[in-house]
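Data block below; observations after.
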Amino acid sequence: MTFNHPLTKRWLFFLGVTLALTLPLAVAYFYLGDLLTQRECQRHQGQINARLNIMQAQLYDAKWDALADTYDDTLHLGRCEEAKLLRDTLRWYAYPDGRSFVEGIAVVNPDGGLRPSRLAAVIGDDGRPLPAERLAELKKRTPWLEDPWLPSYAFVAKAFSDDPKLENWQSPLIEAPGRLVFVVASAKRDSRGNLSAAVILQHSVDRLWRDQLAPASRGLDLWLVDGQGTQALATSQLAGASLKRFVNAGLLAKVLAGGSQAADKGQLGAAGRLGQTLDGEKLILNYRSQNGDMVLGVASRESDLGAQGASALGYLGVISLWSLFMLAAAGAIYTMAALRDEARTVEKRTLQRYAGTVSHRVRNDLATVLGNLELISRGRLTDLEAIKQNLDGTVAEALADVQATVEELERLSRGEVELARDGQLGSGTMYDIAASGAGGAKQ
């Protein structure tokens, strides 16, 4: 099939029209792709912000509730029974089933030792000791339940002694058997500002995660770090790598300073968003700080952002491609059918023109023959030499032309020649014969 063939030309024309019509679809496809990706990124960012805000508020509440309670207890030290005071405070941190937000409450002396009034979180929300059966169940997960205390709390006394104006304080993370803990404390000072005692609530990262942060962080690559750069938790390898990059880049001190400034203004802490690159892969890190003490971060792969929108766009693309394929197939079928009908029409009209030409040519040849015979029969042409010349010349030529026309019709009937579109059948006639150049004289 050559490019000059009618079917090829028609099909190429239809294909060009189809491709031209696909341009708006292609433009819309890529525009929608960018739009869906942006919308999905915005939606994802909104979800992360909402969940980070919840966890930031939980960290904030955990600290300030503890500071408020320990501060209230310092005001009542020496005015009421110390053990009852601590018990009444601790009960607000306990669930009815004996689980607790904290590991225990205690009073620290200036030398860093604990007073006998210390109380581990082995009471229910009613303030009563846990039943032995329930206590045994809880100890399976936390063997240190009844004795969560560190060897010394001199670090608490030192923090308040080093800063005479310091009223409350949260410690960095401290390694304890089987877990990380931190202490929230408030100071009681004498009239000269010297530390006379400190009330502490001891938290564990495990409980903080399990009871407060985990519900809002499902499916997130989340990490938590303290002010010293100690990793509290990382929910995935990606989160751990993101935290390491964050600390190594020197961003921890900057974010904590911003958190302290935000806390001074009555805010929960600092909030921000920055880019990271890990092994050539681009990440988006959203972070929140708990005042100036801890930083919480969520890492997200850029390739994962907008994935849902890209998936929907992929379905649209498949539907569009199938639509174009069906359109092209329909165009091909229609083009072939139209060309077949046109070919029949052209063939019919060509045969009509060819029949007219043949009849005209044969009629002229017969008229020549009959005219000469009439001249001879009426005696108008009596000279034998003249008669012979007419018969050998004009009459013979006319009869040869009739013979050539008959031969052309025979070849046409046998399929040896085809009528061309322009109505030519042979170079020697008014028609173009594709298989032979023979033919009669032109008329």
With a 3.5 Å distance limit and no angle check, can you tell me whether Arg99 reaches the backbone of Asp211 through a side-chain donor-acceptor pair? no
Please determine whether a side-chain nitrogen of the Lys or Arg among Glu103 and Arg207 lies less than 4.0 Å from a carboxylate oxygen of the Asp or Glu. no
Glu82 side chain to Leu77 main-chain N or O, any donor-acceptor pair under 3.5 Å? no
In terms of ring plane angle, is the pair Tyr287 and Phe246 parallel, tilted or perpendicular, where the classes change at 30° and 60°? tilted
So, Arg179 side chain and Val205 main chain: donor-acceptor pair closer than 3.5 Å or not? no
Between Arg141 and Leu138, is there a donor-acceptor pair closer than 3.5 Å when you use the side chain of the first and the backbone of the second? no
Counting neighbours of CZ on Phe155 that are heavy atoms of other residues, nucleotides or ligands and sit closer than 6.0 Å, is the number greater than 12? yes
May I ask you to say whether Asp293 pairs ionically with Lys63, meaning some side-chain N is under 4.0 Å from a carboxylate O? yes
Whether Thr235 side chain and Leu220 backbone form a donor-acceptor pair below 3.5 Å: yes
Checking the side chain of Arg118 only, and the main-chain atoms of Val107 only, is there a donor and an acceptor separated by less than 3.5 Å? no
Would you check if there is a donor-acceptor pair between the side chains of Ser186 and Glu167 at a distance under 3.5 Å? no
Measure the CD1-CG distance between Ile284 and Leu274 for me, rounded to the nearest 0.5 Å. 8.0 Å
Give, for atom OG1 of Thr89 and atom CZ of Arg87, the distance between the pair rounded to the nearest 0.5 Å. 11.5 Å
Please examine the side chains of Asn168 and Thr70, heavy atoms only from C-beta on, and report whether any two atoms are closer than 4.5 Å. no
Calculate, to the nearest 0.5 Å, the distance between atoms CG and CG belonging to Leu243 and Leu238 respectively. 11.5 Å
Just wondering, do Leu213 and Leu59 contact through their side chains at under 4.5 Å, heavy atoms? yes
Is Asp163 paired with Lys165 through a side-chain N to carboxylate O contact shorter than 4.0 Å? no
Donor-acceptor under 3.5 Å (Lys188 side chain, Ala197 main chain): no
Where Val184 and Ala66 come nearest, the two heavy atoms and their spacing: CG1-CB, 3.6 Å
Compute whether any side-chain donor of one residue and acceptor of the other, for Gln261 and Gln267, lie under 3.5 angstrom apart. no
Less than 3.5 Å apart, any donor N or O on the side chain of Ser196 or Asp190 sitting next to an acceptor on the other? no
Has the side chain of Thr142 got a donor or acceptor atom that lies under 3.5 Å from a matching backbone atom of Lys139? no
Distance, nearest 0.5 Å, that separates CG of Leu180 from CG of Leu208: 11.5 Å
So does Ser289 get a backbone contact from the side chain of Gln56, meaning a donor-acceptor N/O pair under 3.5 Å? yes
Is there a donor in the side chain of Arg288 and an acceptor in the side chain of Asn49, or the other way round, less than 3.5 Å apart? yes
Look up atom CD in Glu175 and atom OG1 in Thr230, then write down how far apart they are to the nearest 0.5 Å. 8.0 Å
Worked check of side chain to side chain donor-acceptor pair (under 3.5 Å) between Gln237 and Asp221: CA-CA 8 Å; Gln237 291 183 350; Asp221 296 296; over 6 Å; no
Any donor-acceptor pair under 3.5 Å linking the side-chain atoms of Gln231 with those of Asp226? no
Of the options Tyr95, Tyr93, Trp92, which is the one that meets Phe101 in a ring pair (Phe, Tyr, Trp, His ring centres under 6.0 Å)? Tyr95
